[in-house]
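One structure is given below, encoded as structure tokens.
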Number of protein chains: 2
Amino acid sequence: MRLDRLTILGVGLLGGSIGLACRAAASDVEIIGYAHRPQTLDLAREAGAIDWGYADPGAAVQGADLVILCTPVSLFQNMLRQIAPALKAGAIITDVGSTKRSIVRLAGEILPPGVHFVGSHPMAGSEKRGVEFARADLFQHAQCLVTPTAQTPAPALESVEAFWRMLGMRIARMTPEDHDRLLGAISHLPHAAAAALVAMQDDAALELAGKGFLDTTRIAGGDGALWRDILLDNRDNLRAALSALRAQLDTLDQLLEDPAGAALAQWLDRAALRREALLRKKLLEISTD
Amino acid sequence: MRLDRLTILGVGLLGGSIGLACRAAASDVEIIGYAHRPQTLDLAREAGAIDWGYADPGAAVQGADLVILCTPVSLFQNMLRQIAPALKAGAIITDVGSTKRSIVRLAGEILPPGVHFVGSHPMAGSEKRGVEFARADLFQHAQCLVTPTAQTPAPALESVEAFWRMLGMRIARMTPEDHDRLLGAISHLPHAAAAALVAMQDDAALELAGKGFLDTTRIAGGDGALWRDILLDNRDNLRAALSALRAQLDTLDQLLEDPAGAALAQWLDRAALRREALLRKKLLEISTD
């Protein structure tokens, strides 16, 4: 893919960071933004995240080689309908959504022949929102999950992967179905569990919260409406993950029966060791990037 | 209390940090350590956490004005039996255990008349272990929960509180029963839930873990045997907290039924706002210390 013009639909934290990172890596790309509110486009232009912006998605994607959907997941359908007639032949479309089955299905239904959709999930972000928190290095050393299907042309897939690599990311390919199942367990469930851990506390207990509790519940600090959309979109997998968590809590309840607690210590140690191995692996990935 | 001699029973991360912090705040106090292994005493002396050490708890507490139990909770009973005959009249005993009902009961049963026990839970620490990680500032700005009973003499209580204040801590008083109930919810349950969140993942999902998952499960990185003792010692309260968490997970399951998700967004937002208020309060406490 020759990338002369990039269009970012939604210039919040993620979209704005894509603009900054792309400009840092490839200064000759023209970067166009779309946002619902004119003030957002002004902020994005002032931050250097876009060259110019449109309040109309169709106008924003005209002539674009690559279009990235960065709005909340719940707006994807409407966004695809608005841009479909305006895309140039051969345009490549991707997204940054936290779920992949629904957007892949919608793209197949809505986009015209001759343009190519490849689902992406760059695993970077923050509980902060807004282009004022955008950072050119947000994607460095992070992982991007890319979810081709049997219909995805290899050149479009490779172009999208090359774009994320240019922003400093490592790529993992998987099906949209595997993505949503795995993320339901490793991301959406922890978010829900963190919210539940806050919700169950009474005020007197919250008074005694230490650093451990604040860390454990950090991801519960995100925007409720955004996360509602993600959790609802991946409801079946989230429910399966909730069942698996409940089964582990039942195991714990049983382990508490034995006053000697040998099996309880093993259960705790096994979790500590798996987490430690994971942390070592992540640090190694960063150091060898 | 005139504090000429302090004895620290167990010179690991917490005990060692108490030694360093006490020396920094009151350089004329003689600091004696006990550890099971002679190498640990050598390390503690080299680190400057103690003046000298004994491998016998009875010898270590002789002449001490203040004795602090810093061994794992499961060793408290044995430790109290060993020091009881060697304590001087008027000695004050406290501890750093994460549970309070059992140690308060044991102290009442085992310690002789004329010495005074006051339960403490300095809420500072780390998932690291060992005197090599001890820090003089570990207790700065942190909260110390002190659990007197109707039998606790006011001067002993005030002496223990003054000691923790000298190390930079804020004090909150409560009954041992309230302590264990509140900590079961705000500390022991999150630890157990973090371990369950790791335990339920399959390896393919763990591969995709991001910073959010690592933060959420950080407290699951602690030592299994130590946490087994804490969870077993507070089993009744932990089970009640587990039930409350399960009830919130059931609520979530029900909220997922409604495709519009207004109540789900509210549930998520409420958790985010409560956590944010908590964070603001903690930051304010530190800034006004």
Between [X] and chain B, which part of the residue has a heavy atom less than 4.5 Å away: side chain, backbone, both or neither?
X: A:Gln201; value: both
X: A:Ala262; value: backbone
X: A:Ala260; value: backbone
X: A:Leu242; value: side chain
X: A:Leu238; value: side chain
X: A:Thr217; value: both
X: A:Lys211; value: both

Among the options [options], pick out the one with the most heavy-atom pairs lying under 4.5 Å from chain A.
options: B:Asp258, B:Leu208, B:Leu145; result: B:Leu208
options: B:Asp229, B:Leu268, B:Asp233, B:Ile186; result: B:Ile186
options: B:Leu252, B:Asp269, B:Asp203, B:Leu214; result: B:Leu214
options: B:Ala220, B:Gly224, B:Gly212; result: B:Gly224
options: B:Ala209, B:Ala192, B:Gly184, B:Ala124; result: B:Ala209
options: B:Lys281, B:Gln266, B:Arg270, B:His191; result: B:Lys281

Hey, does the side chain of [X] reach the backbone of [Y] with a donor-acceptor pair shorter than 3.5 angstrom?
X: A:Asp223; Y: A:Leu226; result: yes
X: A:Arg275; Y: B:Gly221; result: no
X: A:Gln248; Y: A:Ala244; result: no
X: B:Arg274; Y: A:Val198; result: yes

Atom [atom1] in [X], atom [atom2] in [Y]: separation rounded to 0.5 Å?
X: B:Leu182; Y: A:Asp202; atom1: CG; atom2: CG; result: 6.5 Å
X: A:Leu167; Y: A:Cys144; atom1: CG; atom2: SG; result: 9.0 Å
X: A:Gln254; Y: A:Leu264; atom1: CD; atom2: CG; result: 12.0 Å

Would you call the rings of B:Trp164 and B:Phe139 parallel, tilted or perpendicular, where under 30° means parallel and over 60° means perpendicular? tilted
Among A:Glu207, A:Gln143, A:Met123, residue most engaged with chain B (heavy-atom pairs, under 4.5 Å): A:Glu207
Residue part contacting chain A, namely of B:Leu183, when any heavy atom lies under 4.5 Å: side chain
Check whether B:Asp250 gets within reach of chain A through its side chain, its backbone, both or neither, counting any heavy atom under 4.5 Å. both
So, are B:Glu257 and A:Arg239 salt-bridged, with charged N and O less than 4.0 Å apart? yes
Salt-bridge contact B:Arg181-B:Glu177 (side-chain N to carboxylate O under 4.0 Å): no
